[in-house]
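Shown next, in structure tokens, is the structure this report addresses.
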Amino acid sequence: MSVWIRSQRRTVFLGFIWMLCLSIILPGCTQDNGGSASSSSSSEKNNSSSSASKHLTIIHSLPNDTLDPHNTWIALRAGITETLLRLDENMEVSPWLASDWEAKDDRTWIFTIREGIKFQDGTLLDAEAVKASFERGITDSKALAAALKIDSIEASGQKLQITTREPYPAFPTELVHPTTSIISVAAEDSMGKVAFNSAPVGTGPFRVTSFTSGSEIHLIRFDDYWDGKAKLNEVTFKFNADANVRTLAFQSKQADIVFHLAPEMLASIETDSELGVSSVTGLRTHYFTYNPVSPKVSDFRVRQALDKLIDRDSIVQDIMLGHASPANGPFNAALPFGNKEGYQKLDEVGASQLLENAGYSKGSDGMLQKEGQPLTLKLIAFTGVNPELPLIPQVVQSEAAKAGIKIEIVSVEYPDVYIADHTDWDISTASYLTSPRGDGGSFLNSAYVPGGSYNPANIEVKGLEPILKELNVTGDTEKRNQLTQQAVTVINKDVPHSYIINPNILVGVNNRVTGWKPGAEEFYIITHTLDVK
């Protein structure tokens, strides 16, 4: 395995050098806006007397073709919008646009909206504006409507009353999610939906001056921001799915903050005294989804065997270079509701026995077959984004081949979209923030209820429904943690997914950056306290 990994690293390195030679023509890596910003944006930049010292460039891994605040996370990440509630450094729900909240009964919540907050078009934020934003969101996004379960909303002055369709004690945790961002619907009505989704009007510390789909956002400070004027004048927020290009931009100091660096390049970064790397224990989990209608992996023994053929230790050490931990369920074991049992180690003998019990035997070519049909599986993988995601399927492919299983890897940009539209697959790669709300209930409902936003394969797990039903009406935190762990135990026994690793967030931060550090939730990137020396 180590020889294979070294070969992959050589391939990555050669690709890196190639990118270096071409970097002068890659718009994602240029110091200026590469001609993508509008002329008005350029004018604003040139007229800013302190732009040289108060401009910062960020590169993230996930390209966005829209800034739609109710269907993507980018508007909140870019400091354009905010939510009623937010997560603090301890991953606890705390006030933000709402100064406080209370439960009137098991279905009704009262929120007090802070006074004196302005949208970026100068209009004031009140409960009626928040009501309009939520109504727009649940109309525009099926996923948001399913998550919030709102029955009715009433507004009076700065008081907002939301009634859910059923008892929902975890409702406040949903309101920290980026897709619950509060926006000016009046501004959208005047601009039109298409224009608005290129420059949404929120309450955040920065407003959009230009947006190039899939490439970058140019932002300038909103001087009337309610929580104190931002330190920076301007921010360029770029996207690039290639980890090598992102890492190059950081090393060459063409970007100040870069998310999801290529792990194999960290050593060279550390030799530069002006650069630093934050390895943050995150809330993301990489995992495989098994197709419930596949005639091969619908056999529990085959899924269990494949789970045993995942060398999680090798993936952590050889691909992530120690910047990850083996996963034993959807949630990081360090979380209060994480699974406290051990993780599955590589077990070739156990996998072979399971496959034999499932009726497979090796042919003359050493490959497994059953009734004359080879055990060949189609695995859908990411093309890029996080640098390790394309490599993990190759590690598993190598181990499976030793056991006599042929895995054909098909790389696509968005596996969840592919598997929602196709049935001709057996395994698919997935990567989600499984507990971004400081609670596990949302992921369990999204990933294991048919129609859930994280369940494109419509997976159902026998025995899980009554646990989720109880979890969804339980407000006590300790009891919720216990129910979440109980749910994970049931899930792991059925193996609808193979949870692989919990990757750290590798963020490059130039030492000139002050007043900022990356968070585990991956929500709050551009903030009013972010500054440069």
Side-chain angles (χ1 to χ4, degrees), residues 5 60-62 73 87 89-91 177 243 259-264 266 277-290 306-346 381-382 385-396 399 415-416 427-444 446-448 454 481 484-485 487-489 491-492 495-507 517-523:
I5 292 293
H60 204 275
S61 59
L62 189 62
W73 297 17
L87 293 174
E89 291 186 352
N90 298 315
M91 294 300 295
H177 197 266
F259 278 77
H260 307 301
L261 297 172
E264 66 273 8
L266 296 184
V277 176
S278 293
S279 181
V280 181
T281 300
L283 305 175
R284 184 174 296 277
T285 305
H286 296 339
Y287 61 92
F288 287 151
T289 296
Y290 296 110
L306 290 166
D307 192 66
K308 291 179 181 291
L309 291 173
I310 299 173
D311 192 346
R312 293 168 174 84
D313 291 316
S314 175
I315 293 169
V316 167
Q317 296 303 322
D318 296 328
I319 294 181
M320 297 302 298
L321 304 182
H323 295 281
S325 59
N328 62 3
F331 312 114
N332 195 307
L335 293 168
F337 46 87
N339 183 11
K340 305 308 178 186
E341 300 174 359
Y343 62 92
Q344 176 64 57
K345 297 269 190 176
L346 178 65
F382 282 96
V385 189
N386 291 49
E388 68 274 10
L389 286 174
L391 295 179
I392 290 174
Q394 296 177 46
V395 173
V396 178
E399 291 295 341
D416 56 336
I427 311 169
S428 179
T429 312
S431 177
Y432 285 111
L433 286 172
T434 55
S435 50
R437 300 161 176 83
D439 184 86
S442 180
F443 177 80
L444 294 176
S446 297
Y448 293 103
Y454 291 175
N481 291 344
T484 299
Q485 291 171 331
V488 172
T489 298
I491 290 165
N492 284 350
V495 200
H497 296 118
S498 280
Y499 290 99
I500 304 171
I501 61 168
N502 303 119
N504 286 12
I505 310 166
L506 296 177
V507 186
K517 63 180 180 180
E521 80 297 318
E522 299 186 49
F523 287 172

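Being a predicted model, the structure only gives us computed values, none of them experimental.
- Counting only heavy atoms from C-beta outward, the side chains of His260 and Leu506 never approach each other to under 4.5 Å.
- For the atom pair NE2 (His497) and OH (Tyr290), the distance works out to 10.0 Å, reported to the nearest 0.5 Å.
- Closest of all the heavy-atom pairs between Leu444 and Ala487 is CD1-CB, 3.9 Å.
- In this structure, the side chains of Ile310 and Ser498 come closer than 4.5 Å at one or more pairs of heavy atoms.
- Ser442 places no side-chain N or O within 3.5 Å of a backbone atom of Ser435 that could act as its donor or acceptor partner.
- The two residues Pro330 and Phe443 make their nearest non-hydrogen contact at CB-CE2, 3.5 Å.
- Closest of all the heavy-atom pairs between Thr281 and Ala520 is O-CB, 3.4 Å.
- The side-chain heavy atoms of Val396 and Phe288, taken from C-beta on, include a pair separated by under 4.5 Å.
- The minimum heavy-atom distance between Pro326 and Asp313, with the atom names listed, is CG-OD1, 4.1 Å.
- A donor-acceptor contact closer than 3.5 angstrom is absent between the side chains of Tyr454 and Asp416.
- The backbone N or O of Gly329 lies less than 3.5 Å from no partner atom in the side chain of Asn492, so there is not a single donor-acceptor pair.
- Rounding to the nearest 0.5 Å gives a distance of 10.5 Å between NE2 of His177 and CG of Leu87.
- The main-chain N or O of Gln344 is found under 3.5 Å from a side-chain atom of Arg312 such that the two form a donor-acceptor pair.
- Annotation: side chain of His286 is in contact with side chain of Pro503 (closest heavy-atom distance under 4.5 Å).
- The minimum heavy-atom distance between Ile319 and Ile392, with the atom names listed, is CD1-N, 4.2 Å.
- Between Pro415 and Thr429, the closest heavy-atom pair is CB-O, 3.4 Å.
- Although no hydrogens or angles enter the test, the distance criterion places a donor-acceptor pair under 3.5 Å between the side chain of Lys340 and the main chain of Ala333.
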